[in-house]
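The block underneath contains the structure these notes are about, expressed in structure tokens.
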Amino acid sequence: MNVGAFVCSCGGTCDLDLEGVRDGVRDVDVVASSELLCQDGLDAMGALVDEYELDQIIATATDDGCQRRIETLAEEKGLHPEATAFVDHRERTSWVHSADESTDKTARLINATTAGLQEEASSRYVSQTTGDRVAVVGDPETAAALADTADVTLVAHGHDFAGVSGLDDVAIERGRVVGVDGEFGEFTLTLEALVTEDCISCMECVEQGPDGAVTARPVDISPNAPDGEWLDCCPTDAIDASGVQRTVEVDQVVYPGATDGARGGRIGFYTGPVDAATVASVEHHLGGVEKPKFLDLEMDVCAAGESSQEGCTVCVDACPHDAVDRPKVDEVEFDEVACMNCGACTSSCPTGAVQLREPSNRRIAREVESLLDAEERGSGWLFDRQTAGIETPVVAFVCSEYAADALREYGRQSAAGADLSYAPILPVRVNCTDTVGEAHALHALAAGADGVAIVGCGSSCLHSGPDPKAELVDRLGRATTDLGLGERVTFLAPEADDPSAFVDELDDFVGGLETTPVPAGDYESIGVVREEKPNPEYNNHDWTLESIRTIVEHSSPERDVIRGLQNFGRMDVSDACNLTPTCSTLCPTDAIRRTDDGDLQFNHEDCVNCELCEEGCPETAITMEAGLDLSLLPENRDGERWSTVYEGEMLECARCGKPFTSQGSAEKVMDDVGHLVEGIAPQSDHSIFEYCGECRATLMFEQGGQ
């Protein structure tokens with residue numbers, strides 16, 4: 001792929017050193033600059049596209065009109081419609097940072113964009129076909145708005161819709177909603193009413209019933225209606241004072257008064273205030289949906305469980321949209337149509353069973369490394385020019401939704417005259433801060449960042465709610481402190497109408513950081529511990545461990561056990577262990593084994609702390625604790641990966657001499673059932689429990705089955 005980078009100063013309104021930016025850009029076929037790239041510079045850009053046979057254009061342009069003109073040029077030159085990428089050199093760069101910082105940051109952003117494009121995933125799609133049945137609960141205006149395009153059922157929910165216009169094509173169902181089950185395309189509403197389907201709408205109960213106790217359209221009776229002779233007025237005996245239930249099956253549900261159990265909402269289920277966007281979304285999903293495939297799944301390495309034993313549950317617990325389910329205690333299923341691309345499951349999965357397709361962890365890694373690698377010719381290109389550049393590099397994982405919009409608004413306010421600037425953080429776009437886990441933050445620190453800021457939406461988050469990363473930041477603070485780096489991770493939530501809080505918090509964070517001992521530009525991650533492992537690259541466990549190994553090469557850890565890391569487990573085994581093979585059988589990463597000598601061994605490097613062994617141990621002899629123990633890693637044990645956690649003794653067969661079970665297991669079986677088989681082989685000098693299975697069968701045959 002031939003790549004060209006083009007830099008603009010927007011008619012001098014961006015305080016950039018264009019030559020400095022050009023000097024800092026690398027790994028492209030051509031880099032050029034212009035005062036007005038999208039106007040006077042278009043012809044020159046077109047000439048360079050032809051001269052260098054460019055396949056990809058990266059341009060510093062944020063205005064929609066500028067971007068459209070550059071995209072039009074690319075199409076006229078025969079480039080792919082998606083062969084243009086844009087870098088924000090304005091709102092989040094030159095309008096809020098000094099000239100030297102902006103020049104440095106713009107070059108880094110172009111380099112990161114180039115690196116990310118090299119890892120861009122090919123497009124794939126998932127689809128689901130549904131009908132056009134929509135239930136609207138208690139909202140006649142919305143029902144009427146959807147009636148022209150959908151098969152709408154308006155659920156009365158205790159309301160009387162007599163005299164409401166616009167409902168001629170809407171079916172009206174009596175009853176109050178007592179339950180909503182199912183998913184997109186297969187929702188079931190359970191309704192409860194005091195009037196049965198035998199009702200003929202004769203209005204007798206409406207006329208004779210107490211005022212306000214009976215609705216006319218649809219005919220129904222309030223649960224609070226007083227008893228009386230009027231209840232016997234129905235000619236079809238359709239009044240049932242004890243209540244009757246029925247169900248309505250639909251493809252989508254609009255229920256303004258409901259509280260969704262999925263904290264981030266579900267596809268096809270709409271709660272809260274209804275607006276034009278809600279109606280548009282319902283109509284968009286009529287008949288089904290086709291959407292990008294957001295996840296790559298490798299369920300062979302999933303640690304969810306085995307043999308009806310529940311294991312890791314982090315993806316189910318993390319998903320804010322009910323797109324992950326456990327149909328059985330030891331299975332996990334993903335509804336890729338219901339997936340909203342927030343990344344919560346991927347940042348918590350330790351094994352790589354589920355990963356985001358775009359941006360992938362590999363792409364994020366390449367972008368972070370490019371942002372932090374500004375070193376050339378020994379001392380760095382900007383410093384060769386006697387300019388300061390970015391003195392404290394902080395990688396910022398920025399949510400692409402409200403957080404990114406808030407930062408752009410800060411830039412516009414600054415350009416309009418507000419005295420507004422903040423530390424030049426290096427942004428990495430993520431779908432949501434849910435995408436970010438311990439592996440992402442530690443990788444940035446291993447790549448040479450002085451700090452990591454997770455910049456999310458706070459109270460405006462569409463997925464996880466306010467301050468979704470408080471627990472992660474707290475854990476990472478313990479981990480980085482134990483690693484000898486001090487606390488270097490924070491969570492920030494910029495509000496568009498209140499920049500001062502964000503600016504103060506960010507500047508306090510950056511100002512409190514010391515220069516990291518980890519050099520930038522020396523580290524390119526591979527995302528795996530060992531090539532022979534079956535886990536996909538950049539799974540969170542391996543990626544985290546790889547980053548920590550890089551960090552400890554340059555830091556002085558304060559303790560052997562690094563706390564706060566949830567994807568690593570330490571095993572303790574009590575004397576109750578009988579060496580039954582349950583733990584080694586259940587372990588999804590083969591981190592437990594039993595030796596021929598009767599010892600139980602543990603591989604801390606491979607353990608993902610799913611706790612299946614602890615839950616499944618029949619003797620309850622195993623206790624797992626989270627945390628990475630550096631002393632148990634092979635590089636600190638002369639290359640040995642296995643450590644003995646229990647020294648047992650194997651029982652050898654009294655006839656063939658082969659070890660076949662543990663002494664503890666044999667003694668337990670003899671204690672439990674020995675009296676039942678006493679004397680079963682009277683001519684033998686040993687108990688039948690002292691023979692292996694093969695020799696025991698031979699012994700029984702020789703003694704005639706006595």
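Owing to the predicted nature of the structure, the values given are computational and were not obtained by experimental measurement.
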Does the distance from a Lys or Arg side-chain N to an Asp or Glu carboxylate O, for Glu197 and Arg174, drop under 4.0 Å? yes

Checking Asp240 side chain against Leu194 main chain: does a donor-acceptor pair fall under 3.5 Å? no

Gap between atom CD of Glu249 and atom OG1 of Thr188 - 0.5 Å precision: 4.5 Å

Nearest heavy atoms of Ser308 and Asp330, plus distance in Å: N-OD2, 2.8 Å

Kindly determine whether Val282 and Thr142 satisfy side-chain contact (heavy atoms from CB on, under 4.5 Å), including the steps that lead there. CA-CA 11 Å; Val282 173; Thr142 300; over 6 Å; no

OH on Tyr422 to CG on Leu506, rounded to 0.5 Å: 8.0 Å

Criterion side chain to side chain donor-acceptor pair (under 3.5 Å) on Ser360 and Tyr538, from CA distance to verdict: CA-CA 9 Å; Ser360 67; Tyr538 290 96; over 6 Å; no

On a heavy-atom basis, the closest approach of Pro256 and Asp139 is CG-OD2, 3.9 Å

Under 3.5 Å: donor-acceptor pair, side chain of Glu367, backbone of Pro427: no

If I take atom SG from residue Cys205 and atom CD1 from residue Ile239, how far apart are they, to the nearest 0.5 angstrom? 5.0 Å

Might you confirm whether atom CD of Glu229 has over 12 heavy atoms from other residues, nucleotides or ligands at distances under 6.0 Å? no

So, do Phe294 and Val126 sit near enough that their side-chain heavy atoms are less than 4.5 Å apart? no

Polar side-chain atom of Lys469 near backbone of Gly456 as donor-acceptor pair, under 3.5 Å: no

Could you check whether any side-chain heavy atom of Arg69 comes within less than 4.5 Å of a side-chain heavy atom of Gln39, counting everything from C-beta outward? yes

Give the C-alpha distance, both sets of side-chain angles, the deciding distance and a yes or no for side-chain contact (heavy atoms from CB on, under 4.5 Å) between Ile70 and Phe86. CA-CA 10 Å; Ile70 294 173; Phe86 300 101; 4.1 Å; yes

Ala403 and Pro494: which non-hydrogen atoms are nearest, and at how many Å? O-CG, 4.1 Å

Closest non-hydrogen atom pair between Ala396 and Ile425, with its separation: CB-CD1, 3.7 Å

Please answer whether the main-chain N or O of Ala353 pairs with a side-chain N or O of Asn539 as donor and acceptor at a distance below 3.5 Å. no

For Asp227, does the CG atom sit with more than 12 other heavy atoms under 6.0 Å from it, leaving out its own atoms? no

Glu207/Cys233 under side-chain contact (heavy atoms from CB on, under 4.5 Å): CA gap, chis, key distance, verdict: CA-CA 10 Å; Glu207 179 180 351; Cys233 70; over 6 Å; no

Any donor-acceptor N/O pair, Asp260 side chain to Tyr270 backbone, under 3.5 Å: no

Could you tell me if the side chain of Phe491 sits less than 4.5 Å from the side chain of Leu476, heavy atoms only? no

Minimum side-chain heavy-atom gap Thr490-Glu505 below 4.5 Å: no

Output the distance between atom NZ (Lys293) and atom OG (Ser123), rounded to the nearest 0.5 Å. 13.0 Å

Counting only heavy atoms not in Glu82, do more than 12 fall under 6.0 Å of its CD? no

How about Val96 and Leu420: do any of their side-chain heavy atoms sit closer than 4.5 Å? yes

Ignoring hydrogens and geometry beyond distance, is a side-chain donor-acceptor pair present between Asn431 and Asn341 at under 3.5 Å? yes

Taking atom types as modelled, find out whether His440 and Asn361 have a side-chain donor-acceptor pair closer than 3.5 angstrom. yes

Using modelled atom types only, decide if a donor and an acceptor are shared between the side chain of His321 and the backbone of Ala338 within a distance under 3.5 Å. no

For the backbone of Gly288 and the side chain of Thr129, can you confirm whether one donor and one acceptor N or O come within less than 3.5 Å of each other? no

Arg176 side chain near Asp220 side chain, heavy-atom distance below 4.5 Å: yes

Approximate separation, where rounding is to 0.5 Å, of Ile454 CD1 and Leu492 CG: 9.5 Å

If only atom types and distance count, is the side chain of Glu358 paired as donor or acceptor with the main-chain N or O of Ala121 below 3.5 Å? yes

Using a 4.5 Å cut-off on heavy atoms from C-beta on, say whether the side chain of Thr153 contacts that of Leu189. no

Polar side-chain atom of Gln128 near backbone of Phe184 as donor-acceptor pair, under 3.5 Å: yes

Measure the acute angle between the ring planes of Tyr410 and Phe502, then classify it against the limits of 30° and 60° as parallel, tilted or perpendicular. tilted

Can you tell me how far CZ of Arg124 sits from CD of Glu336, rounded to the nearest 0.5 angstrom? 10.5 Å

Work out which heavy atom in Pro218 is nearest to a heavy atom in Phe161; give both atom names and the distance. CD-CD1, 4.5 Å

Would you call Arg133-Asp151 a salt bridge at under 4.0 Å N-O? no

Between Glu331 (side chain) and Arg326 (backbone), is there a donor-acceptor pair under 3.5 Å? no

Would you call Glu71 and Arg68 a salt bridge, using N to O less than 4.0 angstrom? no

Side chain to side chain donor-acceptor pair (under 3.5 Å) with Arg90: of Thr60, Thr13, Thr62, Asp63, only one passes, and it is Thr62

Evaluate the side-chain contact (heavy atoms from CB on, under 4.5 Å) criterion for residues Gln252 and Leu286: first the C-alpha distance (whole Å), next the side-chain angles of each, then the deciding distance (0.1 Å), finally the verdict. CA-CA 8 Å; Gln252 299 185 72; Leu286 293 174; 3.8 Å; yes

Taking atom types as modelled, is there a side-chain donor on Gln208 or Glu204 under 3.5 Å from an acceptor on the other? yes

Closest non-hydrogen atom pair, Val134 against Val250: C-CG1, 4.3 Å

Do Phe397 and Thr435 come within less than 4.5 Å of each other through their side chains, counting heavy atoms only? no

